[in-house]
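This report refers to the structure that appears directly beneath it.
Here, residue 1 is the first one in the sequence, and each next residue gets the next number. Counting starts at 1 for both ligands and their atoms, in listed order.
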Amino acid sequence: MTKWVYSFGDGTADGQADMRNLLGGKGANLAEMSNLGLPVPSGFTISTEVCTAYYDNDEKYPEDLADQVSAAVDKIEDSVGGRFGDKEQPLLVSVRSGARASMPGMMDTVLNLGLNDDTVAGLAVQSGDKRFAYDSYRRFIQMYSDVVLGVEHHHFEELLEILKEENGYILDTDLSADDWENLVGQYKAKVQEELGRPFPQDVNDQLWGAITAVFGSWMNQRAIKYRRLHDIPAEWGTAVNVQAMVFGNMGDDSATGVAFTRNPSTGEKRFYGEFLVNAQGEDVVAGIRTPQNLTKEAREEAGDDAPSMEELFPSVFTQLVEVYHKLEDHYRDMQDIEFTVQQGKLWMLQTRSGKRTAKAALKIAVDMVEEGMITREEAIERIEPSSLDQLLHPTLDPDAERNIIARGLPASPGAASGEIVFNSDEAEKLAAEGKSVILVRIETSPEDIHGMHAAKGILTSRGGMTSHAAVVARGMGRACVSGAGSINIDYREETMSVLGQTFNKGDIITIDGGTGEVMLGSVDMILPELSGTFGTLMAWADEIRRLRVRTNAETPLDAETARKFGAEGIGLCRTEHMFFDADRIVAVRQMILADTLDEREEALAKLLPVQKADFVELFRIMSGLPVTVRLLDPPLHEFLPKTDEEIDDLAKALGADAKKLRHRALQLHEFNPMLGHRGCRLGISYPEIYEMQARAILEAAAEVSKELGETVIPEIMIPLVATEKELEILKGKIEAVAATIEEESGASVEYLIGTMIELPRAALQAGQIANQAEFFSFGTNDLTQTTYGISRDDSGSFLEDYITQGIYDTDPFVSLDRDGVGELVKLAAERGRVTREDIKLGICGEHGGDPSSIDFCETIGLDYVSCSPYRVPIARLAAAQAALGMTRVSEA
Ligand code: ADP
Ligand code: MG
Ligand code: MG
């Protein structure tokens, strides 16, 4: 015989805390609290296996379930001393849903089940309080009708309102016993009217109606949608908890409340919570009456007059504090508890690990280590790496006033205020003058990178969470609100209008990338706190992790930010981003448009000192830490102007023929630039470009080495290699440059030459390529594109279909595809190591900041991950978790 039903209460239980898969979270913890000897009203849990069996078997229950339920009800009766459906001593129960993880969409709790026209009279006699009895009955009819029968609340609320109005009552407490009795009659008539059948009077029908409603709610649309979003399998099922009622509405010595053992928003170790006198469960959160504070301290801080529980029920409060210590010590985590006081006696109704903000999570974890409650490793494991994002950006002062003018998607966290600017060049110009700007675009494209970089925040009227603006902003750590559709942007007039108001270039707005709000004017901000508990936890993570964490950075600002966040070097410096600066782009274009080698070299000569200066600055900031510089990667046409007007301007600037320019631009046009003349292929065709870059890198390294008094060893990285030969040729050119510099300076130069592994062929040929390469950096963005044969920028139109149909678990550009791309990475690492035992291995690209991908990097033994500056702390923590062997499912 299968055991479907698990009883609890009176200091024992069939179940326990670690049975949450079978009993659901609520049921397992009710059992555990019983086992701990805490006062828990007796009850039983129908297991999640019943839910599964029910759906596997055409929505029919296992045969022996009814008997087991009935026996469990008997057990409650024995414990409580009442009888279910009895006219004199009625037992009332609550029916509560409870899945493994608490889940919105599941059925609401039904209280006071077991009341009918007969038992209500018994309850009145038994309690000596008719008003209480009928108040409970009307609550039950309303709840049961709403939750189980589908007759909505408002029907009943209207009737209550009318009754109050007719009698001139203001508060519910003004109603007498007869008023409630009268209302119960009206409620029942309403149910009859809505359903064409009476409100169920048979208590067993009531019970099974509620049980079936709980199981039914497992398959309602909201629950299904939630499960899909959170990767919860339907097979998990929900449990049902049936439990003897205790009454917080039995007079002024009764109450109900919720409490946290520590403050869930700050993490402070202080008892925190609220309660209501003479009320039932839902009342506290329903907002009908204002709840009172639990502690005197909290009441005084809030300046409240209503007495705290500590003052009103001192002995119950003392008991509650004991329970709270017991629960925290037992679960070794902050608990969120629900309790009821019936005529001076405390009853525990729920406990669970409390939800908390990222800030509170850090503080609680660190405090608990210091209190000796948990280990450092446990503290590390308890923090969701991506939640740190909330802490790294400036945020709006919660007390500041805000004038919200629009809402979009919370695309990239953080808040930013600044002047509205409608184009990227201008954003860059104003930022250079020291102004804060918000770049406002209908949508952004790769040409906006410099403007996005310069801006404090980005606002778009079109595009989703994976639009260009959103992805790039997250990578850069810029605040971004995308897809604020109510905003109308006019580039020509340089205005944006919303809600009938028009705003001009230069007007100040504030965006909150964590909520999607757009506000008028500037709003006060709070800066991130990187010391304190954050610093402590990160230091523990650093002790535990094996993987090094570097950053992807090319600007001094990003490099500095990354160092502040704990980066241990640069894993990817994309030199082309340096080419877009206004003062260089002309020389870059001149180089691209050159007809002859001489002309090209002339342009390159102009670029050499600026590139060198860039590297000098980066090497200084990284003061001795490794820096990987990638030579020019994108196809050349990306640097050329697009419109006729811009081409004419350029022609003028260069003193060249516009027609010729147009022709050259046309020549450079490619059908598929991602697979075109780019990466090392540029170096093969125009070696002088790579030679110039190599010289800039090596001279800069020599200069900074002298300054620091220690050797800076730059890592020169050649992109998009597919064959050993490509690398061999280009390596030869760089070595020649190095030899010349040595000759010129009389000093030796040290450097490493390596490659990005971003093509499947390169991964397969890694053994050969390692003959040339001293390091590999896995460029998994492009490797994912080329392995799947999918262009990331074009994947938006179908990726969603692939994810909803379960073809992909997650977006492979967010979380590394272990089975395909990951296999290639693993194989390349192995083959590379066979050829060159000490080859340095790292990963750059967005996966380097994704916890699940970082876990993969740990398992295959890479040396480092490299990610955008704002993800560095996330990567440090994720690397520590990976070292602890903790696997996280993707957070996408
Ligand atoms: P949720 O999952 O939404 O928290 P619960 O099942 O915890 O729902 O029920 C909500 C509230 O109902 C509880 O906080 C508690 O106050 C009240 N409640 C549930 N069962 C009982 C009971 N047996 N006696 C008294 N109140 C109860
Ligand atoms: Mg609850
Ligand atoms: Mg690439």
Check whether any N or O atom of [X], backbone or side chain, sits under 3.5 Å from an N or O atom of ligand 1, and answer yes or no.
X      : value
Gln350 : yes
Leu349 : no
Ser94  : yes

- Message: Check contact between Ala244 and ligand 1, using heavy atoms of the residue and a distance below 4.0 angstrom.
- Response: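 Per 4.0 Å heavy-atom rule, Ala244 contacts ligand 1.
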- Is the closest heavy atom of Lys26 to ligand 1 under 4.0 Å?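 Distance cut 4.0 Å: Lys26 passes for ligand 1.
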- Aromatic Tyr324 / basic Lys326 pairing, under 6.0 angstrom, 45° off normal: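 Ring-cation test returns no.
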- Test the Arg227-Trp218 pair against the cation-pi criterion, namely NZ or CZ under 6.0 angstrom from the six-membered ring centroid and within 45° of the ring axis.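 Judged by the rule (NZ or CZ under 6.0 Å from the ring centre, within 45° of its axis), Arg227 counts as positioned above Trp218.
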Any side-chain donor paired with an acceptor under 3.5 Å for [X] and [Y]?
X      : Y      : answer
Tyr331 : Asn29  : yes
Ser94  : Thr109 : no
Asp253 : Gln342 : no

- Task: State whether Gln350 contributes an N/O/S atom found under 2.8 Å from the Mg ion (ligand 2).
- Result: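 Yes - counting backbone and side chain alike, Gln350 has an N, O or S atom under 2.8 Å.
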- Item | More than 12 heavy atoms from other groups under 6.0 Å of CZ on Phe84 |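 It does: Phe84 CZ has more than 12 such atoms within range.
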- Evaluate whether atom NZ of Lys359 has more than 12 neighbouring non-hydrogen atoms of other residues, nucleotides or ligands under 6.0 angstrom away.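 No, because the 6.0 Å sphere around NZ of Lys359 holds 12 heavy atoms or fewer from other groups.
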- Of the protein's non-hydrogen atoms, which lies at the shortest distance from atom 5 (P) of ligand 1, and what is that distance?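 So the nearest neighbour among protein heavy atoms is Thr109 OG1, 3.1 Å.
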Where on [X] is there a heavy atom closer than 4.0 Å to ligand 1, on the side chain, on the backbone, on both, or on neither?
X      : result
Gln243 : both
Asn241 : neither
Glu338 : side chain

- Worked verdict on Asp179 versus Tyr134 for side-chain hydrogen bond (donor to acceptor under 3.5 Å, both in side chains): CA-CA 9 Å; Asp179 290 328; Tyr134 280 92; over 6 Å; no
- Message: Below 4.0 angstrom, counting only protein heavy atoms, does anything approach atom 3 (O) of ligand 1?
- Response: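 Under the 4.0 Å cut-off, atom 3 (O) of ligand 1 has no protein heavy-atom neighbours at all.
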